[in-house]
2 protein chains.
Amino acid sequence: MIPDLSSPRPHAFPDAARPIGDPSWQRTAKLWSTLKEVCDLLRIPVTTAVAMQEDLFQHVQFKAGQRIHTIGQPFDVLYVVNSGFLKTVMIDAHGNDQILSFPMKGDLFGVDGIHAARYECEAVALTNCDVILIPFKKFSALGRAHPELESAIYGVMSRELIREQTMASMLGSLSAEARVARFLVYLSERFGELGYSGKQFNLRMTRNEIGSYLGLTLETVSRTFSAFNEMGLISVDQRAIDIKDFNALKTMRRLPASRNRKEKAAAAQQAAA
Amino acid sequence: MIPDLSSPRPHAFPDAARPIGDPSWQRTAKLWSTLKEVCDLLRIPVTTAVAMQEDLFQHVQFKAGQRIHTIGQPFDVLYVVNSGFLKTVMIDAHGNDQILSFPMKGDLFGVDGIHAARYECEAVALTNCDVILIPFKKFSALGRAHPELESAIYGVMSRELIREQTMASMLGSLSAEARVARFLVYLSERFGELGYSGKQFNLRMTRNEIGSYLGLTLETVSRTFSAFNEMGLISVDQRAIDIKDFNALKTMRRLPASRNRKEKAAAAQQAAA
DNA sequence: CGCTACATTGAGTGAGTTCAAAATGCGTGG
DNA sequence: CCACGCATTTTGAACTCACTCAATGTAGCG
């Protein structure tokens, strides 16, 4: 599109924005991982047979702002995030773009490339990061050799599909407040699973990027953060978030509410029958 | 044309609402299909080896209003639509529900069940329909025997993921008019591919269902149809649609527009590969 | 320091929702 | 066959949430 391949974004991601305990990217730079290590990252249970596989998967490092793949680029590898934070962006026919996900440690991306052998979206590093290249051919061949691995692959793809469905559902039915609350809950839970603090963390993305992801404007995101702050649900200062009332966020809705009244009534009727 | 067999819902789907050339469901009732027939339906290219497979897949018929599977139900089969129209519905923790897709001939559904071995959404027949049961175990075993088939399976799953991504993108960025226009374009193209008229067709779903799918209220859907009618883009009478200006629908946007200005500017900045 | 990107906050507007009422279409039961 | 009942659709009027436009504040970097 508009390739200006020089300078990575100026002052994009200060150290202060790193997560507590963020593995120092440069020092831990690893070059290869075994199949077992990849499966562990993806939270796939491994059998001994799989654990024995000696195939190695290459790591690649990207700096903040760098693009991992572009739209239309020929597909041949899937990616697993080992460290760092990314975004995936879809750009429609009219140049409108929309953020689809914020992959982080243990997430798989690039799956959309399988269908037409071209990536349908682009992936960009939000921070310096380390990703593992999974040549798709090799991966599916391993799946053929190890049925449990194969079904795990299907499982991971299915999980991705469910994620997108849940996203679509959220965009279709929740208010701005509810969307932002869910986003915070999601981040909190993910950070918790990754061993960081689920209460205090730093956002890796701009208000604009959050807005694009949630189908809102950056101003609405900012205002909603401020509102949560005043309500005592969180404390927010720029990218730094401190969750004070997790439960309130988790149960927040303020939904358009009556959109489905009749349909629900009908469903109740049918359930009774 | 077709005698309505005592459908549970009263006056749910009148004969007038059937598509031109709709295969007569009762008469063509088929009990089993070969792997090749299933692949053809799914638009998967088949090799001779696959064409030779003698495995048979069972058909099941559902009447309008019947449920194919529920949320939480144990997963063991995928479904391919042979005829008729369905909807898939996700219901969130608070009972809010959202329509995710309207599967029709050649579509696969149930993929979301793979991950947790339970369906994550429910599927309901909008019209009488005929679906093919694909036991997932059997399907993946066949994939292992025929690598081309396996990669086709991955391809179909990837296609589903892209569909959801595109949906999320649309819900996040398009105006009500643009969403409705896209919906009509989508239906028109699908009907065309299925050999029906892409210009004149009957909607198989209510305004409420369309609204749920598009993240709008039923009133907005109705008003938008009326507006398109007055603009001369379509002619609409209840469920009957006649598309007059396909191109205008296809290029319609009325997008929030400035949401991504800054981000686009930033996108010009690209780091070296 | 000044530059640039990012974030916050305010005021006004508008697209889409909510609530309400009337019209249409279809099946059922008299 | 017609009248009634029910689901659905259409249309109107008022409201409101989120967007737009704009100004100000903050943080890091050259």
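None of the values given here were measured: they were computed from a predicted structure. Here is the naming used below: chain letters follow the sequence lines, and residue numbers restart at 1 for every chain.
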Between C1' on dC17(D) and CE on Met252(A), what's the gap in Å once rounded to a whole number?
15 Å

Pairing residues for Phe228(A) by the ring-ring contact (aromatic ring centres under 6.0 Å, His included) criterion, not counting sequence neighbours:
none

Once you round it to whole Å, what is the distance between P of dA5(C) and CZ of Arg204(A)?
22 Å

Thinking salt bridges, do Asp92(A) and Arg182(B) make one under a 4.0 Å N-O criterion?
yes

Side-chain touch Leu187(A)/Phe201(A), heavy atoms, less than 4.5 angstrom:
yes

Using whole Å, what does the distance between atom P of nucleotide dA5(C) and atom CD of Glu209(A) come to?
14 Å

side-chain hydrogen bond (donor to acceptor under 3.5 Å, both in side chains) involving Lys250(A) - partner list, sequence neighbours excluded
Glu189(A)

Rounded to whole angstrom units, what separation is found between the CG atom of Leu126(B) and the C1' atom of dT8(D)?
15 Å

Rounded to the Å, how far apart are Leu218(A) CG and dA22(D) P?
15 Å

Bend across the helix from dC1(C)-dG30(D) to dG30(C)-dC1(D), to 10°, with axes taken over 5 pairs at each end?
30°

Quick one: closest heavy-atom pair of Ser188(B) and Gly198(B), and the distance?
OG-O, 2.6 Å

Using a cut-off of under 3.5 Å, enumerate the N/O to N/O pairs linking the protein to nucleotides 22-24 of chain C.
none

So, OP1 or OP2 of dT8(D): does either fall under 4.0 Å of a side-chain N or O from Arg239(B)?
no

What's the CD1-C1' distance between Ile241(B) and dT10(D), to the nearest Å?
14 Å

Please work out which residues in residues 219-229 of chain B have a non-hydrogen atom less than 4.0 Å from an atom of DNA chain D and list them by number.
Glu219(B), Ser222(B), Arg223(B), Ser226(B)

Non-neighbouring partners of Glu122(B) that pass salt bridge (Lys or Arg N to Asp or Glu O under 4.0 Å), sequence neighbours left out
Arg67(B)

Student check: side-chain heavy atoms of Arg204(A) and Thr127(A) closer than 4.5 Å:
yes

Find the distance Leu216(B):CG to dT18(C):C1' and express it as a whole number of Å.
14 Å

Taking C-beta and beyond as the side chain, do Leu86(B) and Cys129(B) meet within less than 4.5 Å on heavy atoms?
yes

Contact check, side chains of Asn128(B) and Phe62(B), non-hydrogen atoms, under 4.5 Å
no

Aromatic contact between Phe183(A) and Tyr213(A), with the criterion being ring centroids under 6.0 Å apart: yes or no?
yes

In whole angstrom, what separates Leu174(A)'s CG from dC17(D)'s P?
15 Å

Hydrogens and angles aside, do Thr220(A) and Thr217(A) bring a side-chain donor and acceptor to less than 3.5 Å of each other?
yes

